[in-house]
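Written below as structure tokens is the structure these notes are about.
On a predicted model such as this, the values are computed, not experimentally measured, just so you know. Each ligand, and each atom within it, is numbered from 1 in the order the structure gives.
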Amino acid sequence: MILLTGGAGYIGSHVSMALLDAGMDVIVVDNLSNSNKASLERVQSLCGRSLLFRQADIRNQEAIYEIIRDCGVTAVIHLAGLKAVGDSNARPMTYYETNVAGTMRLISAMKQAKVKTLVFSSSATVYGVPTYLPLDEKHPLGPTNPYGRTKFFIEEMLKDLYASDNEWRIGILRYFNPVGAHESGLIGEDPLGVPNNLLPFVAQVAIGRQQKLKVWGNNYDTPDGTGIRDFIHVVDLASGHLSVLNHLKHPGLLTLNLGTGTGSSVLEVIRAFEAVSGRPVPYEIAERRAGDVAICYADPTLAGETLDWHSARSLVQMCADHWRWQLKNPNGYRRI
Ligand code: NAD
Ligand code: UD1
């Protein structure tokens, strides 16, 4: 039985699908602070298999311990957390409490139950400003905001944990920019309020929920002047979790980039989205967003060699699947 924290969320719902499709048993723990249980109902109807769900907070060590003990959990994939950079600047202690203290409570519950296999959702944001590209796992770390620092501190904590007890099997996954949706269009990203990230905003412009995209800066040192990111299809990202879980049969600590290795600019994304949706995406050029870097993309070689995992889906497919989800669910899970 695999415990998936944050499994009702955007990435979690796709990881749930991947695990169920691979025949694994899954229990999701989520406090639903940024998600909707409807995602899991859809996952189950798509897979034709059921999973267990408990609405609980990862900071509740006793509740998590009882779930691990009573459900026969053998491994934990830990996605639960807060993830908005701007919000983390405004409420840093909330981020430390949920992300760092929450992970500490979760690990304590795992120790109590003698479960020592953990996959953790980290982020490319731990690298901060790139000093060389592509970013491999040896690149120095220097997160530039509280959200990124919570991921950095958790990574450090996990290294200390492994050093103290090398029976642990730990996979730290540094996600680049997850986008897209399951090809059914039934599960996808459902941001609360105005989206911060590019793809959900572009999709809402195309559907008419937002009037115009602001392109934050066209004077970067890139071919078209706009920022470049490594967008990765969320279904490819989800399959990476399965691969790492299969790899963690032996004790060890692995830190891996999950990205495609290819960067796309903001304008390239807009054009790809317009082409697949057949809708215009009006935009205007605005000032650079504070904290943004010009270019960020992964060297995914280590994940490829270690896990025999590779991302397969193109930018066009990412946009097409994101668009299908947006069209079928113009208001997300809440108001269909
Ligand atoms: P999400 O907000 O959709 O999912 C997170 C889930 O955790 C939500 O369902 C939320 O309700 C739940 N949650 C939050 N606090 C909780 C708590 N205290 N107890 C129990 N559940 C709680 O976000 P996502 O995009 O699916 O991200 C999943 C993970 O991946 C996060 O840890 C995030 O930091 C990391 N990550 C995401 C991205 C991205 O671009 N989406 C990039 C890099 C890393
Ligand atoms: C953001 C977070 C990062 C997090 C990542 C994935 C910031 C500063 N960084 O990164 O920590 O790990 O999301 O969740 O928030 N863009 C626009 N207009 C928009 C939105 C975005 O032009 O309305 C541009 C940005 O300037 C950037 C690119 O699109 O060049 C991608 O932005 P975004 O989707 O927010 O991802 P990141 O900046 O990579």
How far is [atom] from the closest protein heavy atom, and which atom is that?
atom: atom 40 (O) of ligand 1; answer: Pro178 CD, 3.3 Å
atom: atom 3 (O) of ligand 1; answer: Tyr10 N, 2.9 Å
atom: atom 12 (C) of ligand 1; answer: Asp30 OD1, 3.3 Å
atom: atom 19 (N) of ligand 1; answer: Ile58 N, 3.0 Å
atom: atom 21 (N) of ligand 1; answer: Asn31 N, 3.1 Å
atom: atom 1 (P) of ligand 1; answer: Asn34 ND2, 3.8 Å

Does the distance from a Lys or Arg side-chain N to an Asp or Glu carboxylate O, for [X] and [Y], drop under 4.0 Å?
X: Arg288; Y: Asp292; answer: no
X: Glu189; Y: Lys83; answer: yes
X: Asp57; Y: Arg59; answer: yes
X: Glu287; Y: Lys214; answer: no
X: Glu274; Y: Arg271; answer: no
X: Asp25; Y: Arg49; answer: yes

Side chains of [X] and [Y]: donor-acceptor distance under 3.5 Å anywhere?
X: Thr103; Y: His78; answer: yes
X: Arg42; Y: Asn329; answer: yes
X: Asp230; Y: Thr260; answer: yes

Enumerated ligand 1 atoms positioned under 4.0 Å from heavy atoms of [X]:
X: Ser33; result: 10 (C), 11 (O), 13 (N), 14 (C), 15 (N)
X: Thr98; result: 15 (N), 18 (N)
X: Leu79; result: 28 (C), 29 (C), 31 (C), 32 (O)
X: Ser35; result: 8 (C), 9 (O), 11 (O)
X: Ala56; result: 19 (N), 20 (C)
X: Gly9; result: 3 (O), 4 (O), 9 (O)

Close-range residues for ligand 2, whose non-hydrogen atoms fall below the 4.0 Å threshold: Val85, Ser123, Thr125, Asn177, Asn196, Asn197, Leu198, Leu213, Lys214, Val215, Trp216, Gly227, Arg229, Val266, Arg289, Asp292
Over all atoms of both residues, closest heavy-atom pair of Gly128 and Thr144: CA-CG2, 4.3 Å
Main-chain N/O of Ala8 paired to Ser39 side chain as donor or acceptor, under 3.5 Å: yes
Whether Tyr297 side chain and Ser264 backbone form a donor-acceptor pair below 3.5 Å: no
Polar-atom distance check: [X] versus ligand 1, any N or O pair below 3.5 Å?
X: Ala80; answer: no
X: Phe176; answer: no
X: Ser123; answer: no
X: Ile11; answer: yes
X: Lys83; answer: yes

Taking ring pair (Phe, Tyr, Trp, His ring centres under 6.0 Å) as the definition, give me every residue that meets it alongside [X], ordered by chain and number, with sequence neighbours left out.
X: Tyr127; answer: His139
X: His322; answer: none
X: Tyr147; answer: none

Tell me the nearest of [options] to [atom], using heavy-atom distances.
atom: atom 18 (N) of ligand 1; options: Thr94, Thr125, Leu192, Asp57; value: Asp57
atom: atom 33 (C) of ligand 1; options: Tyr175, Tyr95, Tyr147; value: Tyr147
atom: atom 44 (C) of ligand 1; options: Ala8, Ser121, Ser122; value: Ser122
atom: atom 5 (C) of ligand 1; options: Gly148, Gly12, Gly81, Pro191; value: Gly81

Proximity of Glu189 to ligand 1 by residue part, where a heavy atom lies under 4.0 Å: neither
Leu32, portion touching ligand 1 at heavy-atom distance under 4.0 Å: backbone
Student check: side-chain heavy atoms of Asp30 and Leu4 closer than 4.5 Å: no
Ligand 1 contacted by Gly7 (non-hydrogen, < 4.0 Å): no
Asn177 to ligand 1, any heavy atom closer than 4.0 Å: no
Gln55 atom CD: more than 12 heavy-atom contacts under 6.0 Å: yes
Evaluation steps, salt bridge (charged side-chain N to carboxylate O under 4.0 Å, His left out), between Arg313 and Asp321: CA-CA 10 Å; Arg313 292 163 179 81; Asp321 291 339; 5.1 Å; no
